[in-house]
There are 2 protein chains.
Amino acid sequence: MSITEKPIRSMREQICDAVRAEVFSGEMTNDQPVREQPLAERFGVSRGSVRDALLQLSQEGVLVYSPNRGVRVSSPPSDAEFRLYAKLRKEIEAHCLDICMDQLTEEDDRNLTNLLATLEDACRRADLSAITETDLAMHRYWVSRASRELESVWLGITVRMLIVYTLLEDYMEVHQEHAAIVEAIVRRDLKGAKRAVNENIRYK
Amino acid sequence: MSITEKPIRSMREQICDAVRAEVFSGEMTNDQPVREQPLAERFGVSRGSVRDALLQLSQEGVLVYSPNRGVRVSSPPSDAEFRLYAKLRKEIEAHCLDICMDQLTEEDDRNLTNLLATLEDACRRADLSAITETDLAMHRYWVSRASRELESVWLGITVRMLIVYTLLEDYMEVHQEHAAIVEAIVRRDLKGAKRAVNENIRYK
DNA sequence: TTTCGTCTAATTGTTAACAATTCGAGCATT
DNA sequence: AATGCTCGAATTGTTAACAATTAGACGAAA
């Protein structure tokens, strides 16, 4: 276990992760209201903690908040907005690779390789929820390595792109593309990594 | 009074706005912890509402949250990050002008002109707090007109640029630049407006 | 039939008390 | 003096009860 590891996750973060995953997997449909009480009972906590989590997810863009009316699942962005998000995301991730590439350790390589294996498994099982989650975790890895501040901005953009319910024709292609990224990173090939990331983030 | 106007602001939003303004005006120094109880007493509400506000400001990037340790004022971004933020911001605002330019009404023109007058007054008084607040409000105007979703992303980027304590040499220049933007918008001159915005958002 | 008001159930907003955690002062030990 | 320990004050985290708001059902009147 690494020293920098933070095994404890606050209640709020756990709820955030769970709800976010359910939204991405399509278990919660767009515009469907998300109630506080049922979630509180499901997680065995009080409404206060759930409130905190829902508020944070609203700020992230996963949910939309209306005063006195609670939150609902966000609607997908327009095509024009989606293209803008993709452009911004490419620039952020390129910047992050610039920053973190030459300070990555062998442990980072191992972690990324493990994530890649998890992704491959999810692709084989055609488990859209797991694919999305692992995809997010991989990109998040190099972004968070570069800057905690940027990570927050990046997440807000990325979750909005993931709201769209994408039915992929070829799941294994997802794995291929990420394998190319990880290979380039392990080789410390900055240009190659940027190119691979650029090809992975598509304009829909 | 317009129908779409929302005169009521939730307690959380009021606290957010107040704390945000104080951070931008330099009244709260970097890395200084922000305690819940004093704020609660100041606003005459309970800690719960203050908690909500501080959590939201953390997500926005104005404050930094540490579990069990509360929040503190964010540190300014590095030069490289600042340049990236400026680039992203230019692209977002250009996109928003694209979207909203031809659906602006005469009332929007009046609102922008009023904001410009407020800005001019603040520049004359050399009131850095008011200048920052009005500057933010003006840019936010065309962003929010284009998309509520984008507004949230844009705010996260913009507040991080404003954390830096900028001591301007010529306050009236700020007014000049915004006057150029508003003039172009009132003329419905898309290219001119984009150019003026581009020149206003500087790489530090 | 349509429209308007009233009531009620469901839901969110707020509060105050209590639990858990952090951090530093002070002291004992080496 | 330096190190490690205990304790307590300050602070955040969580909870449950209460207040305020919303939305929909139900009628009454035009």
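For the numbers below, each heavy atom of this structure counts, side chains included, while hydrogens, waters and symmetry mates do not. Labels below follow one simple rule: chain letters A, B, ... track the order of the sequence lines, proteins then strands, and each chain is numbered from 1.
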* To do: Could you tell me whether A/R160 and A/E60 have a side-chain N and a carboxylate O separated by less than 4.0 Å?
  => no
* Asked: Are B/E173 and B/R202 ion-paired here, with the side-chain N under 4.0 Å from a carboxylate O?
  -> yes
* Asked: When you check the gap from the basic side-chain N to the acidic O, do A/K194 and A/D189 get nearer than 4.0 Å?
  -> no
* Structure fact -> Hits for side chain to side chain contact (heavy atoms under 4.5 Å, CB included) against A/Q37, two or more places apart or cross-chain, chain-then-number order -> A/E41, A/R47
* Less than 4.0 Å between a side-chain N and a carboxylate O, is that true for A/R42 and A/E22? -> yes
* **Spatial distance of atom CG (B/N198) from atom CD (B/E91) [nearest 0.5 Å]** => 9.5 Å
* First-last contacting nucleotides on DNA chain C - partner chain B, under 4.0 angstrom, heavy atom -> C/dT14 to C/dC23
* Asked: Is it the case that more than 12 heavy atoms not belonging to A/R69 sit under 6.0 Å from its CZ atom?
  -> no
Using the 3.5 Å cut-off, write out each protein N or O paired with an N or O of nucleotides 9-11 of chain D and the distance between them.
from: D/dT11; atom 1: O3'; to: B/R35; atom 2: NH1; distance (Å): 3.0

